[in-house]
There are 2 protein chains.
Amino acid sequence: MPASTDISTDLDDISFLGRLSEALSQRIEEQTRPLFDEAGITVPVRSCSLLTALVEAGEASAADLARALGQSHQLVIQKCPALLRLGLITQHADPADARRKIFRLTDAGHDQLARIDAYSVRIGEVYRALFEEVGDVHGAILKALKALADKPLSERIRE
Amino acid sequence: MPASTDISTDLDDISFLGRLSEALSQRIEEQTRPLFDEAGITVPVRSCSLLTALVEAGEASAADLARALGQSHQLVIQKCPALLRLGLITQHADPADARRKIFRLTDAGHDQLARIDAYSVRIGEVYRALFEEVGDVHGAILKALKALADKPLSERIRE
DNA sequence: ATTACAACATATTGCGCAATATATTGTACG
DNA sequence: CGTACAATATATTGCGCAATATGTTGTAAT
């Protein structure tokens with residue numbers, strides 16, 4: 001838990017938006033972890049999407065998962081050991097390609113995914129209600145990301 | 001730079017909002033650093049507010065700065081060595097209280113702050129324009145933070 | 001005065017991620 | 001063929017932060 005929940009609203013602070021969105025990210029993760037614990041979900045919050053991608057693919061290499069998730073290959077590789085340790089996935093050599101190592105969900109992994117699925121319905125409702133309360137954070141952030149990708153700050157500042 | 005700029009828009013992904021806001025935070029920092037370099041600003045993007053707080057206080061201990069910034073005391077302590085190395089601040093023992101160590105801005109620190117100040121005007125304009133383009137991300141995130149502080153996910157999910 | 005406690009600074013450790021480097025294996029082209 | 005290159009996995013390192021633990025110094029209560 002952060003030492004304070006006070007967030008500067010000062011526009012003069014150059015990095016304000018970065019710090020704001022980081023604060024939001026932290027608060028969400030903070031509040032999600034205990035809920036997961038309560039629901040018997042041991043999966044790291046940030047690896048849920050990895051498991052989802054894996055169950056959809058049936059089996060996949062780290063590189064496959066990275067492509068499916070839009071994450072870096074190294075990041076996937078770094079997440080997998082924890083999931084192996086938790087017994088949620090297994091790793092096998094690919095007989096057809098000695099470079100690849102294939103991941104599969106274990107029964108425990110499927111069980112966890114089922115719990116997550118059951119949970120995600122409810123959580124989706126909560127977020128939708130939150131959005132109605134405070135405005136479409138989701139959409140606004142997406143638009144901001146797209147805008148910054150299309151025209152970076154370096155361009156914007158020269159106009 | 002992240003391997004991909006693709007962001008999942010899937011509401012079913014439980015941690016989607018956290019990952020979205022983190023992505024935004026990263027993109028902003030990514031794009032801000034080169035601008036700083038170009039403007040001769042060596043200050044770590046995330047320490048700008050620390051310098052600002054210090055110049056406003058004149059002199060301050062780490063605990064003072066933490067209170068002013070709403071950050072944890074330890075975080076301030078961890079940031080200061082880099083600023084000392086950059087020659088932007090100095091550290092002195094407090095003659096009145098042997099527990100405290102007092103930080104002050106150096107001339108180089110003031111110079112950096114002046115550059116940042118000059119920059120922050122322009123950058124404020126850019127952000128305001130961005131908000132008009134994509135909606136009030138700033139305000140939406142603030143509202144979401146406040147809403148989650150007032151009523152955490154754990155409460156919301158039980159309704 | 002002594003004792004307990006609060007405030008402060010600091011070190012250590014761990015987490016999640018990025019960046020870089022390296023090694024291995026497959027593929028395509030000369 | 002063999003040589004260059006692409007793809008894959010992995011280790012190492014560094015950054016920014018949180019959490020925890022420790023030691024020191026001031027303060028207040030008895």
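What you see is a predicted model, and the numbers here were worked out from it, not measured in a lab. Letters A, B, ... are given to chains in the order of the sequence lines, protein chains preceding strands, and every chain is numbered from 1.
Applying side chain to side chain donor-acceptor pair (under 3.5 Å) to H92(A) and the options E59(A), K101(A), R104(A) leaves one that passes, R104(A).
Relative ring orientation between Y119(A) and F36(A) is described as perpendicular, the plane-to-plane angle rising above 60° on a 0-90° scale split at 30° and 60°.
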So which protein nitrogen or oxygen atoms get under 3.5 Å of nucleotides 4-8 of chain D's nitrogens or oxygens?
residue: dT8(D); atom: OP1; partner: R67(A); partner atom: NH2; Å: 3.4
residue: dT8(D); atom: OP2; partner: R67(A); partner atom: NH1; Å: 3.1

Each nucleotide N or O in nucleotides 11-17 of chain C that has a protein N or O under 3.5 Å away: list the pair and distance.
residue: dC17(C); atom: OP1; partner: R46(A); partner atom: NE; Å: 3.0

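Using a 4.0 Å cut-off between charged nitrogen and carboxylate oxygen, E125(A) and R122(A) count as a salt-bridge pair. Using a 4.0 Å cut-off between a side-chain N of Lys or Arg and a carboxylate O of Asp or Glu, E133(A) and R156(B) qualify as a salt bridge.
Contact annotation: the side chain of P44(A) approaches that of L86(A) to within less than 4.5 Å [non-hydrogen atoms, C-beta and beyond]. Residues D94(A) and S61(A) have side chains not in contact (no heavy-atom distance under 4.5 Å, counting atoms from C-beta outward). Inter-residue side-chain proximity for L153(B) and L130(A) is flagged as unmet; no heavy-atom pair is nearer than 4.5 Å. Using a 4.5 Å heavy-atom cutoff, the side chains of Y127(B) and V137(B) are not in contact.
The distance between atom CG of L65(B) and atom P of dC8(C), rounded to the nearest whole Å, is 12 Å. The distance from atom CD1 of I102(B) to atom P of dC8(C) is 12 Å, rounded to the nearest whole Å.
Annotation for D37(A): atom CG counts as buried by contact number, over 12 foreign heavy atoms lying within 6.0 Å.
Applying a 4.0 Å cut-off to non-hydrogen atoms, the residues of residues 83-92 of chain B that approach DNA chain C are Q91(B), listed by residue number.
No side-chain N or O of S120(A) forms a donor-acceptor pair with one of D117(A) less than 3.5 Å apart.
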